[in-house]
Amino acid sequence: MVEHDCSDEHGKSGMASLEYILRNFQFERVLSHDTRTKLVYVLGRVEDKPAILSFERMAYDDKLCRELAARTRGLKDAVENNIYGWAEGTVSFEGAPDTHIKSIFPATELHVSKYSEQARLMVVETPALYENITLPYIQQLPAERIQWVRNILDGTSEADRVIYRQEKEFVILPDMKWDGSPESLYWVAIADREDILSLRSLTQEHLGLLKAIRAAACRLAQERYGMTQEQLRLFVHYQPSYYHFHVHITALSFVDAPGVFVGQAHLLDTVINNIEMYNDYYQRATLPFTIGERHPLYALFQDAQSGE
Ligand code: M7G
């Protein structure tokens, strides 16, 4: 997703601004609605092209908690029993945002399938299946899919949000998913090179880069939020959505951070250790992963299996 300039219709990149997308959005259908994480994805059209919006309820800011009771209005369906009571109501803080909003416009079929409600399935990828199915799939993905990464690396987008840049090595910046609170810290480190597609590409040649990302992430989290290395979870996704190497940097206190589960997240420490033991660990390993049933890669694996 692109961070849109909210002030006018089209941002610096010539893409529609978030404000414009919201104003012109024609709702079509709900793609998925997670009532536990309070996150909904809706599909619609803007200028007759597909657009995806997500709305996620934000956590209360710690500083506002002392005022929660005083700000509660319009109690509905109140129940009281002995020392217990519960109800629904509205708590509003004038000027304090309560929803994190993201947009993808124009959205591709791949985006629509990624954010649609669907079952997840386990696929076991051997090195041969990687060579025959996954790698050709990655190679046919349109280059624009990682344009947002190039924009960050060349300073065209999010330049003022970059927390750290190690020239010709990597940048660290807030992930699009981060709501800004330290408890749910979510940064992303992006390698400043295009030849590392994923975990599968890593060898001892990349150890310096991986360790430098780990060291910088830990130092920055310590400087900014007093977090120690023990309070952070650094991981790499397999399969990722974007095949340009990056590392997810999250606070351990964000216990159910999106994509933190077994079947997708590989701890950076483990990755480093595996490569230190065997240079070609990730070229020789069988890597199981979970994937949505609507993901095109899943169909390719199914076809391969039915043809066996
Ligand atoms: P991934 O493992 O390829 O995909 O991670 P997934 O976690 O979305 O399945 C890519 C990471 O980059 C995710 O954590 C995204 O939230 C984040 N991200 C994606 N986009 C399009 C942007 C963006 O434009 N800016 C920033 N800052 N982060 C992004």
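Atoms within a ligand are numbered from 1 in the order they appear, just like the ligands themselves. When reading the values below, keep in mind they use all heavy atoms of this one structure, side chains included, and skip hydrogens, waters and symmetry mates.
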(request) Carefully, step by step, assess K211 and E276 under the rule salt bridge (Lys or Arg N to Asp or Glu O under 4.0 Å). (result) CA-CA 11 Å; K211 288 182 181 178; E276 278 177 337; 2.6 Å; yes

(request) Determine whether any heavy atom of K114 lies closer than 4.0 Å to an atom of ligand 1. (result)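 Under 4.0 Å: yes for K114.
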
(request) Consider ligand 1: state whether an atom of it lies below 4.0 angstrom from any non-hydrogen atom of G259. (result) no

(request) Taking only Lys NZ, Arg NE, NH1 and NH2, and the carboxylate oxygens of Asp or Glu, determine whether R150 and D154 approach each other closer than 4.0 Å. (result) no

(request) May I ask you to say whether K38 pairs ionically with E56, meaning some side-chain N is under 4.0 Å from a carboxylate O? (result)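 The answer is no: the pair does not qualify as a salt bridge.
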
(message) Would Y242 count as being in polar contact with ligand 1, using the rule that some N or O on each side must be under 3.5 angstrom apart?
(response) yes

(message) Tell me whether V188 has any N or O atom under 3.5 angstrom from an N or O of ligand 1.
(response)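 No; the residue has no nitrogen or oxygen that sits under 3.5 Å from a nitrogen or oxygen of the ligand.
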
For [X], atoms of ligand 1 separated by under 4.0 Å from a heavy atom:
| X | value |
| --- | --- |
| P240 | 2 (O), 3 (O) |
| S241 | 1 (P), 2 (O), 3 (O), 4 (O), 6 (P), 8 (O), 9 (O) |
| E158 | 23 (C), 24 (O), 25 (N), 26 (C), 27 (N) |

(request) Under 4.0 Å, heavy atoms only, figure out whether ligand 1 is touched by the backbone of H237, its side chain, both or neither. (result) side chain

(message) Heavy-atom pairs closer than 4.0 Å: do any link ligand 1 to the side chain of P174, the backbone, both, or neither?
(response)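 For P174, only backbone atoms sit under 4.0 Å from ligand 1.
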
Can you tell me how far the [atom1] atom of [X] sits from the [atom2] atom of [Y], to the nearest 0.5 Å?
| X | Y | atom1 | atom2 | answer |
| --- | --- | --- | --- | --- |
| I249 | I213 | CD1 | CD1 | 7.5 Å |
| Y298 | Q118 | OH | CD | 11.0 Å |
| D175 | S184 | CG | OG | 11.0 Å |
| L300 | L129 | CG | CG | 11.5 Å |

